[in-house]
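Data block below; observations after.
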Amino acid sequence: MQRRLALVKIPGFEYSEAHSDPLRDFNEEIIMSEVQFRNFDETKAYKALQKLQAPSLSAVLDGKRVTSCNSSYELGKQETLHYNYAAKQVDNQILSVLQELSDEQQLIDKFRLIASGEYMNSGENRRVLHHLTRGQLAGSVSHEGRDLGAFYNEQNSRIADFAEEVHAGRITAENGKPFSTVVQVGIGGSDLGPRAMYLALKNHVNSSEGSGEAFRGRGEKLNARFISNVDPDDAADILREIDPSTTLFILVSKSGTTQETLTNEALVLDRLKHAGVKQPRKQIICVTSETSPLAKSSEYLDSFFIDDFIGGRYSSTSAVGGAVLSLAFGADVFREFLDGAHAADAAAMEAGILKNPALLDALIGIWERNFQGFPSTAVLPYSQAMSRFPAHLQQMDMESNGKHVNRDGEQLGYLTGPVIFGEPGTNGQHSFYQLLHQGTDIIPLQFIGFLNSQDGLDVNWEGSTSQQKLNANLAAQIIAFAKGKKDDNPNKTFQGERPSSLLYSKSLTPRVLGALLAHFENKVMFQGLVWNLNSFDQEGVQLGKVLTKQVLGDGELDPALQEFSALLGVRS
Ligand SMILES: O=P(O)(O)OC[C@H]1O[C@H](O)[C@H](O)[C@@H](O)[C@@H]1O
């Protein structure tokens, strides 16, 4: 079936002509049949990369000026996010073959197809539209006569209006008091991204002198908390510290059927009744897909919607993240966050890899995974505010590319998604850096750093400020990993040759955070396209759910499952 997909130039976006094969005019249409889906090991670039050797990092670093290895996002409002790859084991020859790989796998054309609403989620036969939640990249997308970009914008403005009513005290708790706290109840993509984004912006909005110029001293409108695990202690921990009678709960479940979330709703309802609230569901708003069972309920104070074309792990820029971020900080902060993500998306449309940070990061990751054979990669933000960002990336990356078959269900003969882990620096240095420096596995590192802290608080102790100490550690770690240290005592020898990248900006603002989120989403998308995967379904999470249902039922179990269930007190 040939589908003609009209593509439009992104207004104001500077398209590079530097690329050897000049970008097609964006007004030219792409026909699905022009795009070939082939396995990575069937490409010429794969065979060419197999013949190349990784240069030594010491040689690479001594041979170049670090800042010449920057690929940057201009985000508007004088905000910039840089991707630096000086400490990566790539040279011009490798980079030029990676450019050929990008062209051969038609990565930008396939991105354009995704942005144009093509059914690129082959496992569920769905469109993939998280980019559209923050702005149009390739024209409008209509589904059954409805403009979906307009639908997402409409939900955002409904949330903005609702948040304004809550902040103004015109929407209150049942007891007439203004809401003081908002608690999001969700799990997976309905928790990890929104929670990570909330924690990343909390100090910025509360800062009086730090990075929060635009929102300086504003302070949070509502304190936010998150309940996700079915472990009752998770909910107990939160419910003990809030006053349910003045708390607004956000029940978030795209499917509307997730066991943990519905169980936690029951627990919250109990707690609200216990606190004397007569109509507990009127202190709950719901965020769900229009096709979910929750969508039909009118018992909630209000409901906001996404559709089935927004994957859970890609939903932070939809109502799933928008409700809690707008209620906690204000809808204008959420809009800034969206604008940063959209600017990064636009930059990711660039075909020249050196001018496309997400594409470059993705391709260097392919080089490290498939040719250097590295089993995992660590995301190490030198910012405590980014404490849950690695956890969000674990779901987003590993649930997208942790696959062993290609988009047509055929077994693959090459490595795919790596294991992702990470913690903020400098804490990680006091935890797992021993293995990173002297272990038997080499693990590529993805550092994130900011010149300024978000809050103005700091101290000059022994000649430097805390922020200076933080970034001195970051610079030192990049070189220690890359160059190592020779010593006569083998136990004190650091082999070095541990590659790292550095994403950095002046401050962690809503716009920069949006760009960071989009950077990693687009990196994962490009890697999945190189590997010829369907990065947008998640069959791997279903088996556990099926067996759990059996254990909680009363039917006969597999003997070993029966024994484990009995051992854990679930079955006698
Ligand atoms: O938002 P929900 O429908 O409740 O789903 C929550 C989570 O459930 C599963 O774990 C899926 O694998 C995730 O992708 C999803 O984010």
Side-chain angles (χ1 to χ4, degrees), residues 120-130 133 152 155 159 183-198 226-231 234-235 249-268 284-297 300 303-325 388-404 417 420 517 520-521 524-525 528 533-549 552:
M120 294 286 273
N121 175 351
S122 49
E124 296 170 316
N125 191 31
R126 286 177 178 169
R127 305 169 193 261
V128 177
L129 293 181
H130 52 280
T133 63
Y152 301 139
Q155 295 308 310
I159 287 168
V183 174
Q184 178 140 329
V185 180
I187 196 165
S190 295
D191 167 69
L192 287 164
R195 185 193 300 240
M197 302 307 129
Y198 168 75
F226 297 82
I227 295 173
S228 55
N229 201 325
V230 75
D231 171 356
D234 185 24
F249 291 90
I250 312 177
L251 181 70
V252 185
S253 177
K254 174 183 168 187
S255 62
T257 60
T258 302
Q259 180 190 64
E260 294 93 332
T261 304
L262 298 180
T263 306
N264 278 321
E265 181 194 16
L267 208 155
V268 163
I284 299 177
I285 59 173
C286 180
V287 179
T288 191
S289 166
E290 289 179 301
T291 58
S292 99
L294 286 177
K296 300 167 182 52
S297 166
Y300 298 106
S303 294
F304 304 94
F305 300 103
I306 61 174
D307 61 16
D308 287 342
F309 304 135
I310 307 295
R313 54 191 174 275
Y314 295 98
S315 62
S316 298
T317 51
S318 75
V320 167
V324 66
L325 294 176
R388 292 298 291 162
F389 195 66
H392 168 58
L393 297 185
Q394 282 184 316
Q395 183 199 9
M396 203 262 287
D397 196 318
M398 295 165 76
E399 196 168 84
S400 295
N401 292 339
K403 313 258 168 91
H404 64 100
I420 309 288
L517 177 75
F520 285 98
E521 287 180 350
V524 165
M525 171 189 71
L533 306 177
N534 171 28
S535 299
F536 306 108
D537 65 1
Q538 52 285 323
E539 285 306 321
V541 304
Q542 303 310 334
L543 179 57
K545 294 180 183 177
V546 168
L547 294 179
T548 300
K549 218 169 177 139
L552 294 172

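Hydrogens, waters and symmetry mates play no part in the numbers below; they use all other heavy atoms, side chains included. Note that ligands are numbered from 1 as they come in the structure, with each ligand's atoms numbered from 1 the same way.
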Show me which atoms of ligand 1 lie under 4.0 Å from any heavy atom of Lys545.
9 (C)
Which ligand 1 atoms does Gly189 reach within 4.0 Å, using its non-hydrogen atoms?
15 (C), 16 (O)
What distance separates Lys403 NZ from Asn401 CG, expressed to the nearest 0.5 Å?
7.0 Å
I want to check something: taking the side chain as every heavy atom from C-beta on, are Phe304 and Ile250 in contact at a cut-off of under 4.5 Å?
no
Would Gln395 count as a contact of ligand 1 if the rule is a heavy atom under 4.0 Å away?
yes
Using only heavy-atom distances, determine whether the side chains of Thr317 and Tyr152 contain a donor-acceptor pair under 3.5 Å.
no
With heavy-atom distances below 4.0 Å as the criterion, list the atoms of ligand 1 near Val541.
12 (O)
Once the angle between the rings of Phe536 and His130 is folded into 0 to 90°, is it parallel (under 30°), tilted (30 to 60°) or perpendicular (over 60°)?
tilted
Atom 5 (O) of ligand 1 - nearest protein heavy atom and its distance:
Thr258 OG1, 3.5 Å
For atom 14 (O) of ligand 1, the closest protein heavy atom turns out to be Glu399 OE1, 2.6 Å
Can an N or O of Ser253 be found at a distance shorter than 3.5 Å from an N or O of ligand 1?
yes
Positive for side-chain contact (heavy atoms from CB on, under 4.5 Å) with Phe226, one of Val185, Val324, Val252
Val324
Ligand 1 atoms in contact with Ser255 (distance to a heavy atom under 4.0 Å):
2 (P), 3 (O), 4 (O)
Salt bridge or not between Asp537 and Arg126? Use side-chain N to carboxylate O under 4.0 Å.
no
Those atoms of ligand 1 less than 4.0 Å from some heavy atom in Ile187
6 (C), 7 (C)
Rounded to the nearest 0.5 Å, the CD1 atom of Ile227 sits from the CG atom of Asn264 at a distance of 6.0 Å
Non-hydrogen atom of Gln259 closer than 4.0 Å to ligand 1:
no
Heavy atoms only, cut-off 4.0 Å: how does Lys254 contact ligand 1, side chain, backbone, both, or neither?
both
Just jot down the ligand 1 atoms closer than 4.0 angstrom to any heavy atom of Gln538, in number order.
12 (O)
Checking side-chain contact (heavy atoms from CB on, under 4.5 Å) against Thr133, which of Ser315, Ser316, Ser318 comes through?
Ser318
For Gly312, is at least one N or O under 3.5 Å away from an N or O on ligand 1?
no
Donor-acceptor pairs are to be reported for all side-chain atoms of residues 538-546 against protein atoms at under 3.5 Å, with residues two or more places apart or in another chain.
from: Gln538; atom 1: OE1; to: Arg313; atom 2: NH1; distance (Å): 2.6
from: Gln538; atom 1: OE1; to: Arg313; atom 2: NH2; distance (Å): 3.4

Which residue and heavy atom of the protein sit nearest atom 1 (O) of ligand 1, plus the separation
Ser190 OG, 2.6 Å
